[in-house]
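Structure first, commentary second.
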Protein chains: 2
Amino acid sequence: MDDVDRALIAELQRDATQAYATLGKAVGLSAGAAHDRVRKLRERGVIRRTTVDVDPTALGRGVLAFVMVDSSAWMGDATESFAAVPEIQEAHIIAGTASVLVKVRTATTDQLQDVLRRLYTIEGVSGTQATVVLETFFERPVRAD
Amino acid sequence: MDDVDRALIAELQRDATQAYATLGKAVGLSAGAAHDRVRKLRERGVIRRTTVDVDPTALGRGVLAFVMVDSSAWMGDATESFAAVPEIQEAHIIAGTASVLVKVRTATTDQLQDVLRRLYTIEGVSGTQATVVLETFFERPVRAD
DNA sequence: CATGAAAATCCGTGTCA
DNA sequence: TGACACGGATTTTCATG
(Lines give C-alpha, C1' and ligand atoms only; values in the text may rest on other atoms or scores of the structure.)
Protein backbone atom coordinates (compact mmCIF):
# COMPACT_ATOMS: atom_id res chain seq x y z
CA MET A 1 0.00 0.00 0.00
CA ASP A 2 2.20 2.83 -1.28
CA ASP A 3 1.55 6.08 -3.10
CA VAL A 4 1.21 4.30 -6.44
CA ASP A 5 -1.54 2.06 -5.03
CA ARG A 6 -3.33 5.11 -3.68
CA ALA A 7 -3.06 6.87 -7.04
CA LEU A 8 -4.45 3.78 -8.78
CA ILE A 9 -7.39 3.66 -6.39
CA ALA A 10 -8.11 7.36 -6.86
CA GLU A 11 -8.12 6.87 -10.64
CA LEU A 12 -10.36 3.81 -10.43
CA GLN A 13 -12.79 5.64 -8.13
CA ARG A 14 -13.01 8.37 -10.75
CA ASP A 15 -13.50 5.93 -13.63
CA ALA A 16 -13.24 2.17 -13.33
CA THR A 17 -13.96 1.60 -17.03
CA GLN A 18 -10.67 3.00 -18.32
CA ALA A 19 -8.16 0.63 -19.91
CA TYR A 20 -5.16 -0.56 -17.91
CA ALA A 21 -2.90 1.17 -20.44
CA THR A 22 -4.58 4.52 -19.66
CA LEU A 23 -4.62 3.76 -15.97
CA GLY A 24 -0.94 2.87 -16.05
CA LYS A 25 -0.05 6.06 -17.89
CA ALA A 26 -1.89 8.12 -15.26
CA VAL A 27 0.28 6.71 -12.48
CA GLY A 28 3.52 6.08 -14.39
CA LEU A 29 3.24 2.33 -14.90
CA SER A 30 2.92 -0.05 -17.84
CA ALA A 31 -0.43 -1.67 -18.57
CA GLY A 32 0.74 -5.02 -17.24
CA ALA A 33 2.16 -3.59 -14.04
CA ALA A 34 -0.99 -1.55 -13.42
CA HIS A 35 -3.05 -4.67 -13.95
CA ASP A 36 -0.87 -6.61 -11.50
CA ARG A 37 -1.19 -3.95 -8.81
CA VAL A 38 -4.94 -3.72 -9.17
CA ARG A 39 -5.29 -7.50 -9.06
CA LYS A 40 -3.38 -7.59 -5.80
CA LEU A 41 -5.45 -4.75 -4.33
CA ARG A 42 -8.54 -6.82 -5.12
CA GLU A 43 -7.04 -9.99 -3.64
CA ARG A 44 -6.09 -8.19 -0.44
CA GLY A 45 -9.63 -6.84 -0.13
CA VAL A 46 -8.56 -3.21 -0.37
CA ILE A 47 -10.73 -2.93 -3.47
CA ARG A 48 -13.91 -4.70 -2.42
CA ARG A 49 -15.73 -4.58 -5.72
CA THR A 50 -16.30 -2.69 -8.92
CA THR A 51 -19.76 -1.18 -9.02
CA VAL A 52 -21.91 1.48 -10.64
CA ASP A 53 -23.08 4.70 -9.07
CA VAL A 54 -26.78 5.20 -9.81
CA ASP A 55 -29.03 8.25 -9.59
CA PRO A 56 -31.40 7.41 -6.71
CA THR A 57 -34.22 9.51 -8.16
CA ALA A 58 -34.18 7.46 -11.37
CA LEU A 59 -34.73 4.35 -9.24
CA GLY A 60 -37.70 5.91 -7.45
CA ARG A 61 -35.73 6.64 -4.30
CA GLY A 62 -35.84 10.43 -4.26
CA VAL A 63 -36.45 10.86 -0.54
CA LEU A 64 -33.38 10.55 1.69
CA ALA A 65 -33.51 10.47 5.49
CA PHE A 66 -31.28 9.61 8.40
CA VAL A 67 -32.98 7.87 11.30
CA MET A 68 -31.65 7.62 14.84
CA VAL A 69 -33.00 4.42 16.33
CA ASP A 70 -33.30 4.23 20.13
CA SER A 71 -33.36 0.85 21.78
CA SER A 72 -34.05 -0.75 25.11
CA ALA A 73 -31.75 -3.68 24.46
CA TRP A 74 -28.38 -4.57 22.97
CA MET A 75 -28.64 -4.11 19.22
CA GLY A 76 -25.26 -5.61 18.34
CA ASP A 77 -26.78 -8.70 16.75
CA ALA A 78 -29.56 -7.00 14.85
CA THR A 79 -27.77 -6.72 11.50
CA GLU A 80 -30.15 -9.07 9.72
CA SER A 81 -33.24 -7.28 11.02
CA PHE A 82 -32.06 -4.00 9.54
CA ALA A 83 -30.72 -5.59 6.34
CA ALA A 84 -34.17 -7.10 5.78
CA VAL A 85 -35.58 -3.62 5.16
CA PRO A 86 -34.64 -2.92 1.52
CA GLU A 87 -35.02 0.85 1.85
CA ILE A 88 -32.19 0.95 4.40
CA GLN A 89 -28.94 1.72 2.60
CA GLU A 90 -26.66 1.92 5.64
CA ALA A 91 -26.91 0.90 9.29
CA HIS A 92 -24.36 1.74 11.97
CA ILE A 93 -24.06 1.16 15.70
CA ILE A 94 -23.29 4.50 17.28
CA ALA A 95 -21.96 5.94 20.51
CA GLY A 96 -24.25 8.37 22.24
CA THR A 97 -27.93 8.50 23.10
CA ALA A 98 -29.40 6.49 20.24
CA SER A 99 -28.04 3.06 19.43
CA VAL A 100 -28.34 2.70 15.68
CA LEU A 101 -28.15 5.22 12.86
CA VAL A 102 -29.68 4.24 9.53
CA LYS A 103 -29.70 5.90 6.12
CA VAL A 104 -32.99 5.37 4.31
CA ARG A 105 -34.07 6.04 0.72
CA THR A 106 -37.71 5.92 -0.31
CA ALA A 107 -39.86 7.24 -3.14
CA THR A 108 -42.18 9.28 -0.93
CA THR A 109 -42.49 10.49 2.65
CA ASP A 110 -45.40 8.08 3.04
CA GLN A 111 -43.01 5.25 2.33
CA LEU A 112 -40.56 6.75 4.80
CA GLN A 113 -43.28 6.60 7.43
CA ASP A 114 -43.84 2.96 6.55
CA VAL A 115 -40.14 2.23 7.03
CA LEU A 116 -40.32 3.82 10.49
CA ARG A 117 -43.29 1.58 11.26
CA ARG A 118 -41.27 -1.49 10.22
CA LEU A 119 -38.31 -0.34 12.34
CA TYR A 120 -40.58 -0.49 15.40
CA THR A 121 -41.27 -4.14 14.69
CA ILE A 122 -37.57 -4.93 15.28
CA GLU A 123 -36.99 -6.49 18.71
CA GLY A 124 -35.65 -3.92 21.18
CA VAL A 125 -36.42 -0.79 19.15
CA SER A 126 -38.04 1.78 21.43
CA GLY A 127 -38.01 4.96 19.40
CA THR A 128 -36.95 6.72 16.19
CA GLN A 129 -35.95 10.24 15.23
CA ALA A 130 -36.04 10.83 11.50
CA THR A 131 -34.18 13.67 9.81
CA VAL A 132 -35.21 14.33 6.22
CA VAL A 133 -32.62 15.59 3.76
CA LEU A 134 -33.72 18.65 1.79
CA GLU A 135 -30.75 18.78 -0.55
CA THR A 136 -27.60 16.71 -0.94
CA PHE A 137 -24.52 18.90 -1.40
CA PHE A 138 -22.38 15.95 -2.44
CA GLU A 139 -21.70 12.26 -1.93
CA ARG A 140 -18.25 11.15 -2.97
CA PRO A 141 -15.88 8.19 -2.58
CA VAL A 142 -13.49 7.94 0.36
CA ARG A 143 -10.40 10.03 -0.34
CA ALA A 144 -7.54 7.77 -1.34
CA ASP A 145 -4.77 10.32 -1.03
CA MET B 1 -36.70 2.37 -17.27
CA ASP B 2 -38.37 -1.04 -17.01
CA ASP B 3 -37.76 -4.20 -15.01
CA VAL B 4 -34.96 -5.28 -17.34
CA ASP B 5 -33.13 -1.98 -16.80
CA ARG B 6 -33.51 -2.41 -13.06
CA ALA B 7 -32.19 -5.97 -13.26
CA LEU B 8 -29.21 -4.76 -15.29
CA ILE B 9 -28.43 -2.07 -12.73
CA ALA B 10 -28.70 -4.55 -9.87
CA GLU B 11 -26.25 -6.87 -11.65
CA LEU B 12 -23.83 -4.04 -12.38
CA GLN B 13 -23.98 -2.86 -8.77
CA ARG B 14 -23.03 -6.37 -7.71
CA ASP B 15 -20.19 -6.66 -10.25
CA ALA B 16 -19.47 -4.09 -12.92
CA THR B 17 -16.50 -6.04 -14.32
CA GLN B 18 -18.54 -8.87 -15.82
CA ALA B 19 -18.74 -9.21 -19.60
CA TYR B 20 -21.85 -8.05 -21.45
CA ALA B 21 -22.49 -11.66 -22.50
CA THR B 22 -22.65 -12.74 -18.83
CA LEU B 23 -24.67 -9.68 -17.93
CA GLY B 24 -27.10 -10.35 -20.75
CA LYS B 25 -27.56 -13.97 -19.73
CA ALA B 26 -28.37 -12.88 -16.17
CA VAL B 27 -31.29 -10.74 -17.36
CA GLY B 28 -32.35 -12.76 -20.44
CA LEU B 29 -30.79 -10.59 -23.13
CA SER B 30 -28.15 -11.00 -25.83
CA ALA B 31 -24.76 -9.41 -25.25
CA GLY B 32 -25.45 -6.71 -27.84
CA ALA B 33 -28.86 -5.83 -26.42
CA ALA B 34 -27.46 -5.69 -22.88
CA HIS B 35 -24.67 -3.46 -24.09
CA ASP B 36 -27.17 -1.16 -25.80
CA ARG B 37 -29.35 -0.87 -22.71
CA VAL B 38 -26.42 -0.07 -20.45
CA ARG B 39 -25.09 2.54 -22.89
CA LYS B 40 -28.47 4.27 -22.85
CA LEU B 41 -28.64 4.14 -19.04
CA ARG B 42 -25.26 5.87 -18.97
CA GLU B 43 -26.33 8.47 -21.53
CA ARG B 44 -29.50 9.27 -19.60
CA GLY B 45 -27.46 9.75 -16.43
CA VAL B 46 -29.19 6.92 -14.58
CA ILE B 47 -25.79 5.26 -14.27
CA ARG B 48 -23.56 8.14 -13.23
CA ARG B 49 -20.24 6.31 -13.27
CA THR B 50 -18.42 3.04 -12.77
CA THR B 51 -16.29 3.07 -9.65
CA VAL B 52 -14.57 0.88 -7.10
CA ASP B 53 -15.67 0.26 -3.54
CA VAL B 54 -12.66 0.54 -1.23
CA ASP B 55 -12.09 -0.59 2.36
CA PRO B 56 -11.81 2.71 4.30
CA THR B 57 -9.52 1.17 6.92
CA ALA B 58 -6.97 0.23 4.25
CA LEU B 59 -6.88 3.89 3.23
CA GLY B 60 -6.25 5.05 6.79
CA ARG B 61 -9.85 6.19 7.30
CA GLY B 62 -10.97 3.82 10.02
CA VAL B 63 -12.93 6.32 12.12
CA LEU B 64 -16.43 7.14 10.88
CA ALA B 65 -18.62 9.86 12.35
CA PHE B 66 -21.77 11.77 11.51
CA VAL B 67 -21.76 15.45 12.43
CA MET B 68 -24.81 17.66 12.81
CA VAL B 69 -23.75 21.19 11.98
CA ASP B 70 -25.77 24.05 13.47
CA SER B 71 -25.71 27.42 11.80
CA SER B 72 -26.74 31.00 12.40
CA ALA B 73 -27.14 31.74 8.70
CA TRP B 74 -28.41 30.26 5.44
CA MET B 75 -26.08 27.42 4.50
CA GLY B 76 -27.55 26.74 1.06
CA ASP B 77 -24.53 28.13 -0.79
CA ALA B 78 -21.85 26.54 1.38
CA THR B 79 -21.22 23.47 -0.81
CA GLU B 80 -17.67 24.48 -1.65
CA SER B 81 -16.74 25.18 1.96
CA PHE B 82 -17.71 21.64 2.95
CA ALA B 83 -16.25 20.06 -0.18
CA ALA B 84 -12.91 21.70 0.65
CA VAL B 85 -12.57 19.44 3.68
CA PRO B 86 -11.28 16.15 2.21
CA GLU B 87 -12.35 14.05 5.19
CA ILE B 88 -16.01 14.90 4.51
CA GLN B 89 -17.52 12.16 2.40
CA GLU B 90 -21.09 13.44 2.30
CA ALA B 91 -22.83 16.71 3.13
CA HIS B 92 -26.59 17.25 3.17
CA ILE B 93 -28.90 20.12 4.02
CA ILE B 94 -31.46 18.81 6.47
CA ALA B 95 -34.83 19.72 7.91
CA GLY B 96 -34.98 20.05 11.65
CA THR B 97 -32.84 21.66 14.31
CA ALA B 98 -29.38 21.45 12.73
CA SER B 99 -28.83 22.70 9.18
CA VAL B 100 -26.23 20.43 7.68
CA LEU B 101 -25.42 16.77 8.24
CA VAL B 102 -21.98 15.56 7.22
CA LYS B 103 -20.41 12.11 7.09
CA VAL B 104 -16.74 12.22 8.04
CA ARG B 105 -13.97 9.61 7.78
CA THR B 106 -10.62 10.08 9.52
CA ALA B 107 -7.74 7.90 10.67
CA THR B 108 -8.03 8.83 14.35
CA THR B 109 -10.35 10.62 16.74
CA ASP B 110 -7.71 13.35 16.99
CA GLN B 111 -8.15 13.97 13.30
CA LEU B 112 -11.90 13.97 13.79
CA GLN B 113 -11.48 16.72 16.35
CA ASP B 114 -9.41 18.65 13.82
CA VAL B 115 -12.19 18.32 11.24
CA LEU B 116 -14.65 19.76 13.77
CA ARG B 117 -12.26 22.67 14.33
CA ARG B 118 -12.17 23.30 10.58
CA LEU B 119 -15.97 23.14 10.39
CA TYR B 120 -16.13 26.04 12.85
CA THR B 121 -14.07 28.15 10.44
CA ILE B 122 -16.89 27.92 7.86
CA GLU B 123 -18.93 31.14 7.74
CA GLY B 124 -22.20 30.80 9.65
CA VAL B 125 -21.37 27.59 11.51
CA SER B 126 -22.35 28.01 15.15
CA GLY B 127 -22.12 24.52 16.58
CA THR B 128 -21.50 20.82 15.94
CA GLN B 129 -22.71 17.54 17.41
CA ALA B 130 -20.56 14.59 16.44
CA THR B 131 -21.77 11.00 16.63
CA VAL B 132 -19.02 8.39 16.37
CA VAL B 133 -19.80 5.07 14.71
CA LEU B 134 -18.72 2.06 16.76
CA GLU B 135 -19.53 -0.56 14.14
CA THR B 136 -20.96 -0.46 10.64
CA PHE B 137 -23.60 -3.16 10.12
CA PHE B 138 -23.61 -2.62 6.37
CA GLU B 139 -23.29 -0.08 3.58
CA ARG B 140 -24.84 -1.15 0.32
CA PRO B 141 -25.90 0.35 -3.03
CA VAL B 142 -29.36 1.81 -3.51
CA ARG B 143 -31.81 -1.01 -4.15
CA ALA B 144 -32.62 -1.13 -7.86
CA ASP B 145 -35.64 -3.44 -7.60
C1' DC C 1 -25.46 -11.14 -35.55
C1' DA C 2 -20.91 -10.88 -37.68
C1' DT C 3 -16.55 -8.79 -37.96
C1' DG C 4 -12.46 -5.84 -37.33
C1' DA C 5 -10.43 -3.39 -33.58
C1' DA C 6 -9.09 -3.08 -28.97
C1' DA C 7 -8.46 -4.50 -24.49
C1' DA C 8 -7.59 -7.94 -20.85
C1' DT C 9 -4.92 -11.64 -19.35
C1' DC C 10 -1.11 -14.68 -19.19
C1' DC C 11 3.71 -15.54 -18.93
C1' DG C 12 8.67 -15.44 -19.74
C1' DT C 13 12.48 -12.29 -18.85
C1' DG C 14 15.05 -8.67 -16.73
C1' DT C 15 16.06 -5.61 -12.77
C1' DC C 16 16.39 -3.50 -8.48
C1' DA C 17 16.55 -3.65 -3.38
C1' DT D 1 16.43 -14.02 -3.68
C1' DG D 2 12.09 -12.27 -3.74
C1' DA D 3 9.07 -8.84 -5.32
C1' DC D 4 8.10 -6.06 -9.04
C1' DA D 5 7.90 -4.15 -13.77
C1' DC D 6 8.07 -4.78 -18.64
C1' DG D 7 6.40 -6.25 -23.18
C1' DG D 8 4.92 -9.56 -26.44
C1' DA D 9 1.47 -13.42 -27.54
C1' DT D 10 -3.10 -15.25 -26.87
C1' DT D 11 -7.80 -15.01 -25.72
C1' DT D 12 -11.72 -12.46 -24.75
C1' DT D 13 -14.51 -8.57 -25.17
C1' DC D 14 -16.03 -4.46 -27.31
C1' DA D 15 -18.38 -1.64 -30.79
C1' DT D 16 -19.60 -0.97 -35.48
C1' DG D 17 -22.57 -1.63 -39.42
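In what follows, chains are A, B, ... by sequence order, proteins preceding strands, each numbered from 1.
Straight-line distance from the CD atom of A:Gln18 to the C1' atom of C:dA8: 14 Å, rounded to whole Å. Taking atom CG on B:Leu29 and atom P on C:dC1, their separation rounds to 11 Å, with Å as the unit. Residue A:Glu43 contributes atom CD, which lies 14 Å from atom C1' of D:dA3 at whole-angstrom precision. Protein atom CG of A:Leu8 is 13 Å distant from nucleotide atom P of D:dC4, rounded to whole Å. A:His35 places its NE2 atom 15 Å from the C1' atom of C:dA6, with the value rounded to the nearest Å. Between A:Asp36 atom CG and C:dC11 atom C1' the separation is 11 Å, expressed in whole Å. One atom, OH of B:Tyr20, and another, P of D:dT16, lie 12 Å apart when rounded to the nearest Å. Between A:Arg37 atom CZ and C:dA8 atom C1' the separation is 19 Å, expressed in whole Å.
Look at B:Glu139 and A:Arg48 and you find no salt bridge, because none of the NZ, NE, NH1 or NH2 atoms lies under 4.0 Å from a carboxylate O. Salt bridge absent: A:Asp15 and B:Arg49 never bring a charged side-chain N and a carboxylate O closer than 4.0 Å.
Counting only heavy atoms from C-beta on, A:Lys40 has its side chain closest to D:dC4 among D:dC4, D:dC6, D:dC14.
A:Glu11 and A:Gln18 form a side-chain donor-acceptor contact under 3.5 Å, judged by distance and modelled atom types alone.
When heavy atoms are screened at a 4.0 angstrom cut-off, A:Arg39 is found touching no nucleic acid atom at all.
Separating the CD atom in A:Glu123 from the CH2 atom in A:Trp74 is a distance of 15.5 Å, to the nearest 0.5 Å.
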